[in-house]
Amino acid sequence: MDTDLSSQDRKDLDKFIKFFALKTVQVIVQARLGEKICTRSSSSPTGSDWFNLAIKDIPEVTHEAKKALAGQLPAVGRSMCVEISLKTSEGDSMELEIWCLEMNEKCDKEIKVSYTVYNRLSLLLKSLLAITRVTPAYRLSRKQGHEYVILYRIYFGEVQLSGLGEGFQTVRVGTVGTPLGTITLSCAYRINLAFMSTRQFERTPPIMGIIIDHFVDRPYPSSSPMHPCNYRTTGEDNGATYPSVEDSQEVCTTSFSTSPPSQLIVPGKEGGIPPVLSQPAHGTQADHERMAMCTPLDGALYSAATPSSSEDTETVSNSSEGKSGSPHDLLETIFVRKVGAFVNKPINQVTMASLDIPFAMFAPKNVELEDNDPMVNPPDSPDVESPLQGSLHSEGSSGSSTGNTHDDFVMVDFKPAFSKDDILPMDLGTFYREFQNPPQLSSLSIDIGAQSMAEDLDSLPEKLAVHEKNVREFDAFVETLQ
Amino acid sequence: MNCRSEVLEVSVEGRQIEEAMLAVLHTVLLHRSTGKFHYKKEGTYSIGTVGTQDVDCDFIDFTYARVSSEELDRALRKAVGEFKDALRNSGSDGIGQISLEFYQKKKSRWPFSDECIPWEVWTIKVNVVNLVSEQERQICREKVGEKLCEKLINIVEVMNRHEYLPKMPTQSEVDNVFDTSLKDVQPYLYKISYQITDSLGSSVTTTMRRLIKDTLAL
């Protein structure tokens, strides 16, 4: 096979393949720097631009590539691979892509090395420039910075695709036949990112479960260290302000499965699994925040995912972000009884779910959720009531005070406007009940009725006599009416 | 010689037309442009360097790489702009196609004029959709971005089949193969044309052939 190729051609071909490999690495790594790349065209050949393309050489990248190649060239069974992975600020990493430069045994003896192979390698590099902007990792890399960075690793030998998870996709960039074999450039990329970058969580909730499989130690210890892809922004990722450790650790080191309804796990209490709502976090930053999975701003990650209490948990999560202390205590208190939503009257749920209860700090620890509807029972037990509930009731009252709350619950003495405590020293509920209906007729009341009945009977004849006298007046009156 | 023909179809919103067309056309021309040739006395030539730059789309979640040549970019923008205006003015249907044709000139004897022989034609069929809500527009941004990713992968696949390409010309023939009018890069001779289908779906009512470069001038 080699005898067909002249020594000059062989030398040229080896040189072409070597520099092609180096330029390939440059293109891939530069496309993951997180910035737009711009190089100038030059009509005069400079002599140093391999393949007639203006591709800058980042020295560190060239150094790493040469180190990985160690004087060898891609050959059959020996592929050059560039692994692109993502690393969060907490240190968890995940492989995103593997770019492979391979050589197979299919030779093209007729091809001219110095002309055709060279031009086709140039075309392949242009294709690589196009394809590196098209895979899902590109958009991720453009948003790297505080929460995550993109790393690269070059290795030589057998291609390792196991770190890409299930269902990864492959795109072939192109092939170039040479007298020594066919060079193939391809990319295998994790497809879960496609959903993340396009914010399609709604349709694929199980993705989180898949991704979390890779937030573990690497099965294969890296033969070469990972390197960041952002040379120009080295200051940013190192000096980034990271969220508080305990919250982020909870999120990143645990699974994201939804818990069954019977287990309401309070975040931060057990250090265990904080279940996740099946609905995703909203907002335009949801995609890379979700990737980072470390910021407590993404409140939905903290929620208990009981099916019936989604409304409760959302509001609960918002208040529990990043705090450990009394709101957590309150959270514990409320959920001790494990009351499902909509079991009580809706007003109760709103009241309980809203942690915007004023003076919540003063709320007693034992909270009863049942029968706190003053419409039914006089609320003589300690109760959590929001001004909302008070105002709802006040609408039914006839222009009296609004927002009156129980004195035995709120320590602040409320003096609602227009209240007249001295005249009617009673609470609103009692007042309402009393005056809801017109007062009973005094004649119909039992004790008075009993007395007057006898008197009425006795006075009847007298009354009848009086009326008979005035018959004519009555008749005249009736006539005027007609 | 048969002309290789490739057809791509995209559905875009009105304001995405230009960027989507430019993304596809620039990607094709990236593969079909070389550096400027400099012929030497011995019959050999050297080739200049082609630079690239990334372009972020404003109305599509997409970034593409194009040749760093302002002249080439201007020429494509002009053609795409005319196509977009023609689409918009054609009526509510919004279906049209723009074609990028690579050709070779074949000198003929007098009195016949030079022949233009196409060897590769890229046709992009465009369907313009009208969206009402902002949410639909946001989804469209992402979907069109994904579609363009697929189209670019298709383009790259075709390019790497290494099918017919014109032979590298001698110095006297270079203008029959390449467009040498640009300062910094040298694409193969090309022309862009477009057709708009009117709302009745009948045959083309308006065919305009626009020559971007003055290559047929005698």
Side-chain angles (χ1 to χ4, degrees), chain A residues 27 30-31 35-56 108 111 115-120 122-136 138-139 141-142 169 171-177 184-185 187 194 197-200 284 287, chain B residues 23-24 26-38 45-56 61-72 138-139 141-143 145-146 148-162 165 167-168 180 182-186:
Chain A
V27 168
Q30 288 176 28
E35 298 172 354
K36 291 201 292 188
I37 303 297
C38 181
T39 55
R40 290 183 61 185
S41 302
S42 165
S43 62
S44 323
T46 58
S48 61
D49 290 323
W50 272 92
F51 308 104
N52 310 118
L53 283 173
I55 299 171
K56 284 187 192 146
D108 185 348
I111 203 167
Y115 167 70
T116 310
V117 171
Y118 188 82
N119 285 339
R120 287 187 180 179
S122 174
L123 194 73
L124 188 52
L125 270 178
K126 290 173 183 172
S127 298
L128 183 64
L129 279 163
I131 296 290
T132 43
R133 276 77 178 152
V134 148
T135 53
Y138 180 74
R139 300 212 75 79
S141 68
R142 288 292 297 270
Q169 284 195 358
V171 61
R172 175 185 275 196
V173 183
T175 60
V176 173
T184 305
L185 186 53
C187 172
S197 63
T198 58
R199 287 176 236 127
Q200 291 178 6
T284 56
D287 47 355
Chain B
V24 173
H26 267 303
T27 301
V28 173
L29 275 164
L30 170 66
H31 289 81
R32 293 287 180 249
S33 299
T34 72
K36 297 283 288 180
F37 282 13
H38 296 275
Y45 61 92
S46 59
I47 309 178
T49 302
V50 172
T52 56
Q53 61 185 80
D54 291 331
V55 180
D56 286 336
D61 287 346
F62 190 69
T63 302
Y64 61 93
R66 69 165 174 90
V67 172
S68 287
S69 166
E70 292 311 313
E71 283 177 274
L72 185 63
Q138 182 60 35
I139 295 173
R141 270 186 79 101
E142 296 165 8
K143 286 226 146 82
E146 289 169 21
L148 284 178
C149 290
E150 289 174 26
K151 300 304 164 194
L152 254 62
I153 293 176
N154 292 345
I155 293 171
V156 161
E157 190 197 354
V158 170
M159 294 297 181
N160 277 272
R161 286 184 205 153
H162 302 302
L165 278 180
K167 264 192 335 186
M168 283 300 155
T180 53
L182 299 171
K183 280 197 318 251
D184 40 15
V185 294
Q186 191 174 286

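Reckoned from all heavy atoms, side chains included, excluding hydrogens, waters and symmetry mates. Here is how names work: the chains are called A, B, and so on, in the same order as the sequence lines, proteins then strands, and each is numbered from 1.
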Quiz item: Where on A:F51 is there a heavy atom nearer than 4.5 Å to chain B: the side chain, the backbone, both, or neither?
Solution: neither
Quiz item: Checking heavy atoms, do the side chain of B:T27, its backbone, both or neither come under 4.5 Å from chain A?
Solution: side chain
Quiz prompt | For chain A, the option from B:K183, B:Q186, B:R141, B:M168 that forms the most heavy-atom pairs under 4.5 Å | solution = B:M168
Quiz item: Distance only, no hydrogens: is a donor on one side chain within 3.5 Å (strictly under) of an acceptor on the other, for B:H38 and A:S44?
Solution: no
Quiz prompt | Between CG on residue A:N52 and CG on residue A:N119, distance to nearest 0.5 Å | solution = 7.0 Å
Quiz item: What distance separates B:K36 NZ from B:S46 OG, expressed to the nearest 0.5 Å?
Solution: 12.0 Å
Quiz item: If you count heavy-atom pairs under 4.5 Å with chain B, which of A:T175, A:I55, A:V171 comes out on top?
Solution: A:T175
Practice problem: Measure B:V50 against the heavy atoms of chain A and call it side chain, backbone, both or neither at under 4.5 Å. | Solution: both
Quiz prompt | chain A interface, residue from B:H162, B:Q53, B:M159 that has the most non-hydrogen pairs under 4.5 Å | solution = B:H162
Quiz prompt | Among A:A31, A:A54, A:S42, residue most engaged with chain B (heavy-atom pairs, under 4.5 Å) | solution = A:S42
Quiz item: What part of A:I131 is in contact with chain B, defined as an atom under 4.5 angstrom from a non-hydrogen atom: side chain, backbone, both or neither?
Solution: side chain
Self-check item: Partner chain A: residue of B:D56, B:V55, B:D184 with the largest heavy-atom pair count (under 4.5 Å)
Solution: B:D56
Practice problem: Taking atom types as modelled, find out whether B:T49 and A:D49 have a side-chain donor-acceptor pair closer than 3.5 angstrom. | Solution: yes
Quiz item: Does a salt bridge link B:D54 with B:R66, judged by any charged N lying under 4.0 Å from a carboxylate O?
Solution: no
Quiz item: What part of B:F37 is in contact with chain A, defined as an atom under 4.5 angstrom from a non-hydrogen atom: side chain, backbone, both or neither?
Solution: neither
Practice problem: For residues A:K126 and B:H31, report the shortest heavy-atom separation together with the two atoms involved. | Solution: C-NE2, 3.9 Å
Quiz item: Would you call the rings of A:Y118 and A:W50 parallel, tilted or perpendicular, where under 30° means parallel and over 60° means perpendicular?
Solution: tilted
